[in-house]
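Reckoned from all heavy atoms, side chains included, excluding hydrogens, waters and symmetry mates. Quick note on labels: first sequence line is chain A, next is B, and so on, each numbered from 1.
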Amino acid sequence: MKSAIAQFLNDALAGLPELADAIGDLDIGSTVERTRDASHGDFASNIAMRLAKPARRSPRDLAAAIVEQLPDTDQIDKVEIAGPGFINFSLSPAAFHAEIVTMLDLADEYGRHAPRSAPRILLEFVSANPTGPLHVGHGRHAAYGATVGNLLEAVGYPVHREYYVNDAGRQMDILGVSVWLRWLERGGTQLAFPTAGYRGEYIGDIAAAINTDDIDVVDQETLMEGVPADAPDGDKEAHIEALIGRAKTLLGDDGFDRLRQQAIDSIRDDIEEDLAEFGVTFDRWFSEQSLTKSSRIDDTLAVLDERGMLYKKDGATWFRAMDFGDEKDRVVIRENGAKTYFASDIAYHFDKRERGFDHLIDILGADHHGYVTRVKAGLDAMGYKAEDLKVELVQFVALYRGGKKVKMSTRSGEFDTLRQLRADVGNDAARFFYVSRSNDQHLDFDLDVAKSQSNDNPVYYIQYAHARIASVFRQLAEKNYAWDEANGRASLSLLTEAQEKALMTALSRYPEVVDLAAGNLAPQHLVHYLRDLANDFHTYYNAHVFIVGDDSLRDARLALCAATRHVIANGLIILGVSAPESM
RNA sequence: GCGCCCGUAGCUCAGUUGGAUAGAGCGCACGGUUCCUAACCUUGAGGUCGCAGGUUCGAAUCCUGCCGGGCGCGCCA
């Protein structure tokens, strides 16, 4: 409907060629918005005020000239000039009725755009290190990323969802050695578990499940040979580093690799299953190892070197990040010859672009914000534009239990898992709650409230509206009525109650809300809209009986209910929340 | 110290890219079901939009400076 208003304005401006310069490249659609107050009509445009200065005419004068040129249409009842120069449009009932018919016609497709082939979007999210189960913070990334993906698809973009698996590097060695030590413990070896190791219970579970045919038991003395003391007496990092060395010596490099890989695979599979149960799936799980093992990183560094963007200093190789706006240059190859995480990340983002994705979106934790500039710099240096990459930062989830903040640490194993949360509050409530706040806002997740009062969650309020409509149609059959849809469509002019008008107005906003939420990568717009829509429906439900004796009025009201059901279901599907037939 | 994010009702948060009288939920107060699901609805109280300037027809929104909170500033990932 909004685009129709914009079109009318465009038509009117076509009749005022003297304004062409003043208009310039102004997007007329951006001047049209829903009114907040019904006394201002349904839509308002501030175009006269926007053009006033460049056209050197008074806003009200301009508005009058534009209104004069508006085409004659049965969609608009009334146009008024108000306040400093707003043009207020009151749509005709027929315009709303036509929109309801569109909802019924398009059904599942209402609010969606036709698929387009470009730009291709690569959406990377979660990408949690495979060092343990996902915790409640990752859950927010999963829900947010999945919903953003759904929104982008709804507006027609091809979206490729990717999870970057950090399955290379020192963290993985620590994981491997943690599992090995737990396995040795199970075999009876006495040992003090390293403070820098992963202490979570799941490590023991993995140790119990892995194939250890080619691993020999070692006693404590052999194990600890040459290993410096752990904290607090010694350095915990040096301690675990030495243990990794012992593992590689005692198991052989290949043996340790196999053990480590089993641990990684086990955790990765667990994460994949967890997310799938949460309704979050990926098109590809991109392994960092695949970059390390292929020549991808070396190739990338070679290109950078060729372009003169690398230099050596203090035995290390540095990338001239400062040339691209970073605050300092960054190491890509350490003095010990090891490539940094940053080096593989340049290669990874370069690879994304090389695979033909036009627009990259990374959803990262807020603690990664210092990282954004240098990754963009890397992309820039590799010949692409920094703007090709958009980074959305997701702020932390603070967990509260008994009114107290819960501390979380993966290494200590003290954290609440996404699985526990899903079991406690349910997938629907979790998906909904996670995206109900702006991603750049801290999220306080009170477990006690979520667990004990889960029925107060607004998600049920919206689902209830959907279930109520389904119930109305069930009741209809029980009362031996049938919905004559054609008659309902033809009788929409009978819907004259205030609540009916309000509901139709709310329904017609849906496509605009999807556009807004997708354009801003901001699912909370949809969440709040659905809450408001459900409120409009519940109000209508309480004010009027739908299943009345008058055939045409009943059919018309049922048509409005059916349209409402489509819109609520479409919105919930985007949020990854179920739309139940009964509750 | 530097950088990024945040500051809106008692609490938790929205606020349509600068619009008209700043909104919702919870909580609080008052009402509403012999009738399609009361997991519901109606009405009300509750605000110095952190503070101070600036930009303009118009600012919660943009700019500057303070104050307060979070996060980051490694040859870790």
Side-chain angles (χ1 to χ4, degrees), chain A residues 2 30-31 33-37 39-40 44 46 49-50 52-53 58-59 82-86 88 129 131 166 168-172 174 237 288 313-318 327-328 330-342 344-345 365-373 393 395-396 398 436-444 446 449 453 455-458 460-461 463-465 467-476 478-479 499 509 512-513 515-517 519-520 522 524-525 527-529 531-532 534-535 537-548 557-558 561 582-583:
Chain A
K2 183 176 165 179
S30 73
T31 73
E33 59 184 14
R34 292 272 175 173
T35 57
R36 192 180 313 215
D37 188 329
S39 70
H40 297 141
N46 61 7
M49 291 175 288
R50 300 268 287 269
K53 187 173 262 182
S58 84
F86 290 104
N88 292 338
N129 291 354
T131 55
N166 290 118
R170 184 163 176 270
Q171 301 296 325
M172 294 302 104
I174 295 174
E237 298 299 335
E288 185 185 0
K313 191 182 87 180
D314 302 335
T317 305
W318 299 69
E327 59 190 19
K328 60 194 337 188
R330 306 289 175 177
V331 171
V332 287
I333 304 176
R334 295 201 291 266
E335 194 175 2
N336 67 10
K339 284 139 204 152
T340 60
Y341 176 83
F342 174 50
S344 49
D345 237 37
D367 54 338
H368 284 69
H369 69 76
Y371 201 64
V372 176
T373 308
L393 298 175
Q395 294 290 335
F396 284 3
S436 63
R437 298 188 189 357
S438 170
N439 58 289
D440 53 23
Q441 191 78 233
H442 290 267
L443 179 62
D444 288 336
D446 191 323
V449 170
Q453 303 179 22
N455 282 358
D456 289 340
N457 193 305
Y460 295 104
Y461 180 86
Q463 290 179 316
Y464 184 47
R468 262 188 159 172
I469 293 169
S471 173
V472 167
F473 280 91
R474 284 194 296 270
Q475 280 292 317
L476 188 70
E478 281 175 28
K479 294 185 176 179
Q499 293 86 354
R509 282 179 55 214
E512 296 155 30
V513 172
D515 285 353
L516 176 72
N520 292 324
Q524 78 272 12
H525 289 300
V527 169
H528 290 279
Y529 165 77
R531 208 268 154 208
D532 290 345
N535 181 34
F537 177 76
H538 286 308
T539 301
Y540 180 34
Y541 182 98
N542 274 274
H544 300 286
V545 176
F546 306 153
I547 305 176
V548 292
R557 287 185 170 168
L558 291 172
C561 285
S582 67
M583 291 175 72

**Message:** Using heavy-atom distances to pick each residue's nearest nucleotide on RNA chain B, tell me which of A/N542 and A/S30 is more 5'.
**Reply:**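 The residue closer to the strand's 5' end, by nearest nucleotide, is A/S30.
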**Request:** Output all residues satisfying ring pair (Phe, Tyr, Trp, His ring centres under 6.0 Å) with A/H40, sequence neighbours left out; order by chain, then residue number.
**Result:**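 With neighbours one apart ignored, the set is empty.
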Results of salt bridge (charged side-chain N to carboxylate O under 4.0 Å, His left out) for [X] - residues two or more places apart only:
| X | value |
| --- | --- |
| A/K2 | none |
| A/R50 | none |
| A/E33 | none |
| A/R437 | none |

**Item:** With sequence neighbours excluded, residues passing side-chain contact (heavy atoms from CB on, under 4.5 Å) with A/D314
**Value:** none
**Residues forming a side-chain contact (heavy atoms from CB on, under 4.5 Å) with A/D532, sequence neighbours excluded** =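 side-chain contact (heavy atoms from CB on, under 4.5 Å) list for A/D532, sorted by chain: empty.
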**Between B/C5 and B/A45 - P atom distance, rounded Å** =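 B/A45 and B/C5 have their P atoms separated by 38 Å.
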**Prompt:** Can you tell me if A/T539 and A/Q499 form a side-chain donor-acceptor pair at under 3.5 Å?
**Reply:** no
Nucleotide N/O of nucleotides 73-77 of chain B paired with protein N/O under 3.5 Å:
unit_1: B/C73; atom_1: O2'; unit_2: A/E327; atom_2: OE2; d: 3.4
unit_1: B/C75; atom_1: O2; unit_2: A/E335; atom_2: N; d: 2.7
unit_1: B/C75; atom_1: N4; unit_2: A/D314; atom_2: O; d: 2.8
unit_1: B/C76; atom_1: OP2; unit_2: A/R334; atom_2: NE; d: 3.0
unit_1: B/C76; atom_1: OP2; unit_2: A/R334; atom_2: NH1; d: 3.3
unit_1: B/A77; atom_1: OP1; unit_2: A/R334; atom_2: NH1; d: 2.9
unit_1: B/A77; atom_1: OP2; unit_2: A/Y341; atom_2: N; d: 3.3
unit_1: B/A77; atom_1: O2'; unit_2: A/N129; atom_2: ND2; d: 3.0

**Which nucleotide in B/G19, B/G72, B/U42 has an atom nearest any side-chain atom of A/H369** =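 Among the listed nucleotides, the one closest to the side chain of A/H369 is B/G72.
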**Message:** Once hydrogens and angles are ignored, does a donor-acceptor distance under 3.5 Å link the base of B/G72 to the side chain of A/D367?
**Reply:** no
Please produce a list of atom pairs where a protein N or O lies less than 3.5 Å from an N or O of nucleotides 20-23 of chain B.
unit_1: B/A20; atom_1: OP2; unit_2: A/R36; atom_2: NE; d: 3.4
unit_1: B/A20; atom_1: OP2; unit_2: A/R36; atom_2: NH2; d: 2.9
unit_1: B/A20; atom_1: N6; unit_2: A/N88; atom_2: OD1; d: 2.7
unit_1: B/A20; atom_1: N1; unit_2: A/N88; atom_2: OD1; d: 3.4
unit_1: B/A20; atom_1: N1; unit_2: A/N88; atom_2: ND2; d: 3.2

